[in-house]
There are 2 protein chains.
Amino acid sequence: MSSSAEKHDVFQAIADPTRRKILRLLAEKELPISEITSHFSISRTAIAKHLHILSEAELVRGRKAGREKLYRLQPEPLTELKRWLSFYERFWNNKLSKLKHVVEHNGEVEIKVIETDVEERDP
Amino acid sequence: MSSSAEKHDVFQAIADPTRRKILRLLAEKELPISEITSHFSISRTAIAKHLHILSEAELVRGRKAGREKLYRLQPEPLTELKRWLSFYERFWNNKLSKLKHVVEHNGEVEIKVIETDVEERDP
DNA sequence: TAAATATAAAACCATTTGGTTTCATTTCGA
DNA sequence: TCGAAATGAAACCAAATGGTTTTATATTTA
């Protein structure tokens, strides 16, 4: 039984700036809670809660090592975010598809004619 | 003064599933609030609030047309999300960089030897 | 012009969120 | 073995979130 009723999904998990910063830290290396906490000005308990939320979203995984609990990044769920994003990419990826979108959806279009010296064909 | 103290950023804006669904609807075409509402089972007022939040994040833009207010998608802020995501892509993009990451960060690695018939070189 | 449509704005409410403090438990090390 | 270190867990709290209902305003349209 891998992954099921996750209370927090990846979208919610990354909504909080503190959690994004935690992910960024863990991207560098596996870290114990106390050391993660040292990078913030909030309590260790608060950080632990953020780690729980990240765990639920499976963006992070903790293992106990002695009296420490070491967390490391698990980036796989971010692929879901990427898939979601990819749908919208066509709207900004190139000017042509953006123009198409705008025209089709009643947007306003400004046409700017750029004058160029064109050599005449078959004079 | 374009964009500044946005109370809601793109990360927060897309955290809510209702708002994601609204974005998806507006990706198809510009729509008035009432029609957006018809796709949900919550009140028009609630939808209007979601639209305000999406507006703050500049993911959506409304214009008044008669007694209607038409909203359309503005996907540009999603590029910020994409930039954020791109940082993490190296962690899952190819097996080699993932292996590198896991090894460097004290993860466990399972080595699976796949036997292959190899023709001997220079026999 | 009066009724119907579409939205806006305000007041209110329950739950969630992001934080705190306090107390207990486990583990390391001198 | 005893104290310090690291975490876990619980109780609590203020503010934000995601809803609702009610009232008001503007715009069509019959």
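Sequence lines set the chain letters: A, B, ... in the order given, protein chains first and strands last, and positions in each chain run from 1. All values derive from a computational prediction rather than experimental measurement.
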message = With heavy atoms of chain A within less than 4.0 Å as the criterion, where does contact along DNA chain C begin and end?
response = C:dT17 to C:dC28
Side-chain heavy-atom pair B:E30, B:L70 within 4.5 angstrom cut-off = yes
inquiry  = I want to confirm an ordering. Mapping A:E68 and A:R19 to their closest nucleotides on DNA chain C, which one lands closer to the 5' end?
reply    = A:R19
ask   = Which whole-number value in Å describes the distance from A:K49 NZ to D:dA10 P?
value = 11 Å
Residue closer to the 5' end of DNA chain C, B:Y71 versus A:I53 (nearest nucleotide) = B:Y71
Between D:dG18 (C1') and B:K21 (NZ): distance, integer Å = 16 Å
message = Less than 4.5 Å apart, side chain to side chain, heavy atoms only: is that true for B:Q12 and B:D9?
response = yes
ask   = Mind checking whether A:R72 and A:L26 have side chains closer than 4.5 Å, heavy atoms only?
value = no
query = Rounded to the Å, how far apart are B:L51 CG and D:dG18 P?
reply = 13 Å
request  = Considering just the side-chain nitrogens and oxygens of B:Q12, establish if one lies under 4.0 Å of OP1 or OP2 belonging to D:dT17.
outcome  = yes
query = Does a side-chain heavy-atom distance below 4.5 Å link A:Y71 with A:L25?
reply = no
ask   = Side chains of A:K82 and B:E89: closer than 4.5 Å at any heavy-atom pair?
value = yes
inquiry  = Students often mix this up, so state it plainly: with edges at 30° and 60°, are the rings of B:F87 and B:F91 parallel, tilted or perpendicular?
reply    = perpendicular
message = With a 4.0 Å limit, can you tell me whether B:H8 has a side-chain N or O closer than that to the phosphate oxygens OP1/OP2 of D:dT17?
response = yes
query = Which residues, if any, of residues 31-47 of chain A bring a heavy atom under 4.0 Å of DNA chain D?
reply = A:P32, A:I33, A:S34, A:R44, A:T45
key: side-chain hydrogen bond (donor to acceptor under 3.5 Å, both in side chains): pairs with one or both residues in residues 31-49 of chain B, sequence neighbours excluded   = none
query = Closest approach of A:L73 and A:L59, non-hydrogen atoms and distance?
reply = CD1-O, 3.5 Å
